[in-house]
Novice: 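Dropping the structure in here first, questions after.
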Amino acid sequence: MNPKTNTPIAMTIAGSDSGGGAGIQADLKTFAALGVYGCSAIASLTAQNTRGVQGVLPIAPAFVQAQIQSVLSDIQVGAIKTGMLATADIISAVAESLADNSIPLVLDPVMVATSGDRLLAEDAINNLITKLIPRASVLTPNLLEAAALLNTRVASSIVEMEQQAKHLLAMGAQAVLMKGGHASGEDATDLLMTNAGVELFRAKRIDTKNTHGTGCTLASAIAAGLAKNLTLRDAVAQAKDYLHNALLHSNELNIGQGSGPVHHFYKFY
Ligand code: PXL
């Protein structure tokens, strides 16, 4: 059989979650569930379970670059997603490695785990803003991350989400997806802003404690869509639908004592 000439391929540059629900593990499961081949560069290791993060080991920045170089010099990656980058130096290294290509980049500005544990050094936010956000095709902050990036308070309405998205767009990303999952209300509403305008994406809020890895899953699903050559708004719509279903089915899994993972493979088992 002839090889397919157009295998969609996505790459994640992120942290490992030993518990399997977030980070690299969530990203690769998401790519696979959406029919996209996944590659990875691991930026940090975490010793982690559904209850929390017990340890973090950042990878040497030069070795993060070595992984990216190995993959990109051989494999035709259609979209990249970045997640937990842990330190200011790793962010600089990743930005340098991505400077000489124009592969679409989904930047998930991971700062804190669902459990409340810190995943990004406090002094790293500046590098994120100056070096990586200007390279992003889409930036995907939750409400807390948006507030931290803008050094302001957490948005509490759609109007405030839109105002903050505008300020984040001005930092140089091509698009901003403000995720409303941390708000309250019947719907979880996300707001996509580009220079062309604003679109809201709504889904019914799901009452579950199994929310570990939701941010990673959404950003990876968007990258999977971009790798399949979907437009950004279609990639976001498909990603939101996938995450909604993975959350709906999360209670079919029985993983750990804390905040469990979403069911990435709800279509398969
Ligand atoms: O969801 C944020 C996130 C990203 N990356 C890693 C994580 C988490 C949350 O726990 O563990 C490695």
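Remember, it's 1-based here, ligands and their atoms both numbered in the order they're listed.
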Novice: Looking at side-chain heavy atoms only, is the closest gap between Gln54 and Asn49 below 4.5 Å?
Specialist: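 Sidechains of Asn49 and Gln54: in contact.
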Novice: Below a 4.0 angstrom heavy-atom separation, can you tell me which part of Leu119, side chain or backbone, both or neither, approaches ligand 1?
Specialist: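 Only the side chain of Leu119 comes within reach of ligand 1.
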Novice: Please could you name the atoms of ligand 1 that Cys216 approaches to less than 4.0 Å, counting only its heavy atoms?
Specialist: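 Numbered from 1, ligand 1 contributes 1 (O), 2 (C), 3 (C), 4 (C).
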Novice: Taking the side chain from Tyr242 and the backbone from His264, do they hold a donor-acceptor pair closer than 3.5 Å?
Specialist: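 It does hold such a pair.
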Novice: Pull out every atom of ligand 1 sitting under 4.0 Å from any heavy atom of Gly15, numbered as shown with elements.
Specialist: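 Contacts of ligand 1 toward Gly15, numbered from 1: 12 (C).
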Novice: Specify whether His249 and Tyr266 have parallel, tilted or perpendicular ring planes, treating 30° as the upper limit for parallel and 60° as the lower limit for perpendicular.
Specialist: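 The arrangement is parallel - the two ring planes meet at less than 30°.
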Novice: Name the closest protein heavy atom to atom 10 (O) of ligand 1, giving the residue it belongs to and the distance to 0.1 Å.
Specialist: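 Looking only at protein heavy atoms, the one closest to atom 10 (O) of ligand 1 is Gln48 OE1, 2.9 Å.
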Novice: Distance-only criterion, 3.5 Å: show the donor-acceptor pairs between side-chain atoms of residues 168-180 and protein atoms not counting sequence neighbours.
Specialist:
unit_1: Lys179; atom_1: NZ; unit_2: Thr140; atom_2: O; d: 3.1

Novice: May I ask you to list the atoms of ligand 1 that are less than 4.0 angstrom from any heavy atom of Met84?
Specialist: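 Contacts of ligand 1 toward Met84, numbered from 1: 5 (N), 12 (C).
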Novice: Distance under 4.0 Å to a non-hydrogen atom of Gly23: what atoms of ligand 1 satisfy this?
Specialist: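 Counting from 1, the qualifying ligand atoms are 5 (N), 6 (C), 12 (C).
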Novice: Would you mind reporting whether Thr189 and Met161 have side-chain heavy atoms less than 4.5 Å apart?
Specialist: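 With C-beta onward as the side chain, the pair stays apart.
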